[in-house]
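Here is the structure we will look at, set down as structure tokens.
Residues take their numbers from the sequence shown, with the count starting at 1. Remember, it's 1-based here, ligands and their atoms both numbered in the order they're listed.
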Amino acid sequence: MKRIVVTGAGGQIGVELTPFLREIYGAENVLGTARRNIPGPVSEGGPFELLDVRDGKAFSDLLRTFRADTVIHLAGVLSAKGEGDPLSSWDINVCGSCTALEAAREHGAAFFFPSSIAAFGPSTPAKNTPQDTLQRPTTIYGVAKVTMELLCDYYHKKFGMDTRGLRFPGLISYEALPGGGTTDYAVHIYYDAVSKGSYTSFIAKGTYMDMMYMPDALAAVVKLMEADPSKLVHRNAFNISAMSFEPEQIAASIRKMMPGFTMDYDVDPLRQGIAESWPDSLDCTAAREEWGFAPEYDLDRMTEDMLSRLKEKK
Ligand code: AKB
């Protein structure tokens with residue numbers, strides 16, 4: 001990766017990945033793009049352009065002008081939000097992603113696609129979910145993720161394009177809030193712990209999902225994109241996870257630092273149903289073996305860092 005275009009640079013991942021890539025590859029070599037202006041480091045710390053990913057001509061012109069060799073395509077609508085307007089979610093998550101993929105192919109650029117644990121469904125083995133297994137998701141978000149996993153593999157096979165992807169678990173971070181996801185409770189809980197000392201969870205007790213702290217996710221994107229292609233048996237997309245927990249466990253981890261913290265439940269049927277359709281824990285052997293995936297944060301280490309960062313921000 002030398003000249004990188006990031007789409008969705010204003011989202012939860014983009015606001016951290018764009019500056020992270022600029023530190024590694026040089027600010028002038030990483031172009032952040034979003035549909036709206038993003039005040040702060042993304043638009044002020046390096047090149048930034050407005051881009052609607054569904055506009056193929058604008059996308060292609062931008063890759064040509066910037067002389068891009070890599071597209072990190074993050075623009076998308078998350079799982080719970082997608083259920084409110086499935087066609088618009090499909091338009092952005094599939095039509096927009098096809099446009100991005102095709103523009104990258106036209107300019108010979110490598111392509112990163114963020115898949116998700118949402119690419120699995122209720123018929124997938126829930127525990128230690130294999131890398132290669134049944135994928136029959138029941139959300140429009142999940143259907144879009146599987147579609148793009150397959151299309152990225154097709155572009156690799158058909159056109160020899162360098163497509164790579166990760167199945168992200170729930171990502172926990174303190175810079176920007178996620179919007180409209182099912183795993184968002186595991187971010188909101190830290191914000192509310194710091195601001196109110198309590199949290200009402202929309203995910204029910206006993207519901208396990210895979211999670212990861214943002215610094216590990218950023219490192220994973222770079223490590224995968226820099227991996228020796230001859231070592232990659234898989235392309236789109238690798239299972240990755242750093243931890244699997246249910247709401248009581250994250251609450252217990254917070255209580256180690258904030259003994260007075262309390263949690264109750266007001267379960268949201270939509271997001272609970274989605275969570276139940278996703279795996280409890282992923283098998284990440286392929287990612288470890290093929291490109292050395294090695295997350296550093298477990299639940300307690302992440303909790304310590306999240307709480308102290310959010311207290312600093314307060
Ligand atoms: C969501 O909850 O929609 C996302 C995801 C797991 O893809 N965080």
So which of Trp291, Phe168, Phe293 actually passes ring-ring contact (aromatic ring centres under 6.0 Å, His included) with Phe238?
Trp291
Just distances here: any N/O of Thr182 and N/O of ligand 1 closer than 3.5 Å?
yes
Between Phe113 and Phe111, what is the ring plane arrangement, given parallel below 30°, perpendicular above 60°, and tilted in between?
parallel
Angle between ring planes, Tyr185 versus Phe245, binned at 30° and 60°: parallel, tilted or perpendicular?
perpendicular
Which heavy atom of the protein is the closest neighbour of atom 8 (N) of ligand 1, given with residue, atom name and distance?
Thr183 OG1, 2.9 Å
Is the NZ atom of Lys313 crowded by more than 12 outside heavy atoms at less than 6.0 Å?
yes
Counting each atom of ligand 1 from 1 as listed, which ones have a heavy atom of Trp278 under 4.0 Å away?
1 (C), 2 (O), 3 (O), 6 (C)
Rounded to the nearest 0.5 Å, what's the gap from CE on Met243 to CD1 on Ile172? Could you check?
6.0 Å
Could you tell me, atom by atom, which parts of ligand 1 come under 4.0 Å of a heavy atom of Gly181?
1 (C), 2 (O), 3 (O)
Backbone or side chain, does any N or O of Ser116 fall under 3.5 Å from an N or O of ligand 1?
yes
Have a look at ligand 1 and work out which part of Ile274, if any, has a heavy atom under 4.0 Å from it: side chain, backbone, both or neither.
neither
Using a 4.0 Å heavy-atom cut-off, say whether Ser79 meets ligand 1 through its side chain, its backbone, both or neither.
both
Polar side-chain atom of Glu175 near backbone of Glu16 as donor-acceptor pair, under 3.5 Å:
no
